Amino acid sequence: MTMIAENTEADTRGRILVVAEKLFREIGYQKTTVADIAKVLKMSPANVYRFFDSKGAIHQSVARRLMGEVEDAAQAIVRRQDRAALRLRELLSTIHHMNAERYVGDSKLHEMVAIAMEENWDVCKAHMQHVIGLIGQVIADGVASGEFETADVPLAAMCTCCAMEQFFHPQMIAEAVAKPFGPKIDQMIDFILASLAPRGAVARK
């Protein structure tokens, strides 16, 4: 009986998040109310508050879902058996393209994520730590295979993420689209890969 109740609760939470994301996309996060979400679900606002104690909590969970999809796609690339350089290039490109498609092409969703960034939610910080960790896994694989050379894998992963910030951060992606300047994403990834290449390999080129 307890397991059935837990499944039902998880299902309800999931439906609330699906509807909330849909409304955030259609009318924007600021204009969406808990009452709006409850109305679509044909339940009372009080019932929604049984599962989420505030609109902000719903917002955080929707952001977590979206970021989780990026993390899942990135994790799948990390697990492949390809060369580390190929995986790192695809990993960085995939994160950029997923963020650009979701948050820049959709102004309402961009508004929601921008607010999340401004409020510096723990979910955003956890997401970036997870991304840095995935980048670190690929760099570590490259060091083990001799493709990459670095004495400090965690630092190299953090530097790589910082170098990609303008291609990862929704606000910076939007600004780059409006006012294109600086290196293109492929140029930046080439630079990162060159910085990780064994010193002898760089010298021979």
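Predicted model only: the values in this text are computed from it and were never measured.
Contact annotation: the side chain of H130 never approaches that of M67 to less than 4.5 Å [non-hydrogen atoms, C-beta and beyond]. In this structure, the side chains of S93 and H97 come closer than 4.5 Å at one or more pairs of heavy atoms. The side-chain heavy atoms of D36 and I27, taken from C-beta on, include a pair separated by under 4.5 Å. Under the 4.5 Å side-chain criterion, counting only non-hydrogen atoms from C-beta, I95 is not in contact with L134. Within the 4.5 Å cutoff, no side-chain heavy atoms of P183 are placed close to those of F191. Put simply, the side chain of L88 reaches to within 4.5 Å of the side chain of L196, judged on heavy atoms.
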Compile the donor-acceptor pairs under 3.5 Å between side chains in residues 39-50 and protein atoms, sequence neighbours left out, one pair per line.
| residue | atom | partner | partner atom | Å |
| --- | --- | --- | --- | --- |
| S44 | OG | N47 | N | 3.1 |
| N47 | OD1 | R50 | NH1 | 2.8 |

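Rounded to the nearest 0.5 angstrom, I37 CD1 and K55 NZ are separated by 7.5 Å. Here M98 contributes atom CE and F168 contributes atom CZ; the two are 12.0 Å apart, rounded to the nearest 0.5 Å. Note that OG of S61 and CZ of F51 are 13.0 Å apart. Values are rounded to the nearest 0.5 Å. How far CD of E149 is from CD1 of I139: 13.0 Å, rounded to the nearest 0.5 Å. Rounding to the nearest 0.5 angstrom, the gap separating the CG atom in L155 from the CE atom in M158 is 7.0 Å. Taking CE from M188 and CG from D186, the interatomic distance works out to 11.5 Å, rounded to the nearest 0.5 Å.
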Fill in: From CA spacing to verdict: salt bridge (Lys or Arg N to Asp or Glu O under 4.0 Å), E26, K22
CA-CA 6 Å; E26 290 177 353; K22 181 173 182 291; 2.8 Å; yes

Discussion item. Between I77 and V138, does the side-chain contact (heavy atoms from CB on, under 4.5 Å) criterion hold? Intermediate values first, please.
Written reply: CA-CA 9 Å; I77 294 169; V138 180; over 6 Å; no

Discussion item. Working note: R89 + D190, criterion salt bridge (Lys or Arg N to Asp or Glu O under 4.0 Å); need CA distance, chi angles, decisive distance, verdict.
Written reply: CA-CA 8 Å; R89 179 180 294 279; D190 286 342; 2.5 Å; yes

Practice prompt. Apply side-chain contact (heavy atoms from CB on, under 4.5 Å) to I189 and M164, showing your working.
Written response: CA-CA 8 Å; I189 294 175; M164 291 297 297; 4.2 Å; yes

Discussion item. Between R13 and F52, is the side-chain contact (heavy atoms from CB on, under 4.5 Å) condition met? List the steps.
Written reply: CA-CA 8 Å; R13 286 178 62 88; F52 297 94; 3.4 Å; yes

Worksheet entry | Audit row: Q75, Q137, side-chain contact (heavy atoms from CB on, under 4.5 Å) steps and yes/no | CA-CA 10 Å; Q75 184 71 65; Q137 288 181 47; 4.2 Å; yes

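In this structure, E21 pairs ionically with R25, as a charged nitrogen and a carboxylate oxygen lie closer than 4.0 Å. Look at R64 and E71 and you find a salt bridge, because one of the NZ, NE, NH1 or NH2 atoms lies within 4.0 Å of a carboxylate O, short of that distance.
For the pair K184 and F167, the cation does not sit on the ring face, since its NZ or CZ is not both under 6.0 Å from the ring centre and inside 45° of the axis.
I132 and L193 fall into different hydrophobic clusters, where Ile, Leu, Val, Met, Phe, Trp and Tyr side chains are chained together by heavy-atom contacts under 4.5 Å. Clustering ILVMFWY residues whenever any of their side-chain heavy atoms sit less than 4.5 angstrom apart, transitively, puts I185 in the very cluster that holds I135.
In this structure, I58 and A20 approach most closely via the heavy-atom pair CG2-CB, 3.5 Å. Considering every non-hydrogen atom in both P198 and G146, the closest pair reads CG-O, 3.3 Å.
In summary, of the residues considered (V18, L23, L17), a side chain to side chain contact (heavy atoms under 4.5 Å, CB included) with V62 occurs for L17 alone.
A distance-only check finds no donor-acceptor pair linking the side chain of T94 to the backbone of L91 [under 3.5 Å].
Here salt bridge (charged side-chain N to carboxylate O under 4.0 Å, His left out) pairs that include residues 129-148, with residues two or more places apart or in two chains, are R83-E147, R87-D141.
Ring geometry for H59 against Y29 counts as tilted: the plane angle lies between 30° and 60°, on a 0 to 90° scale.
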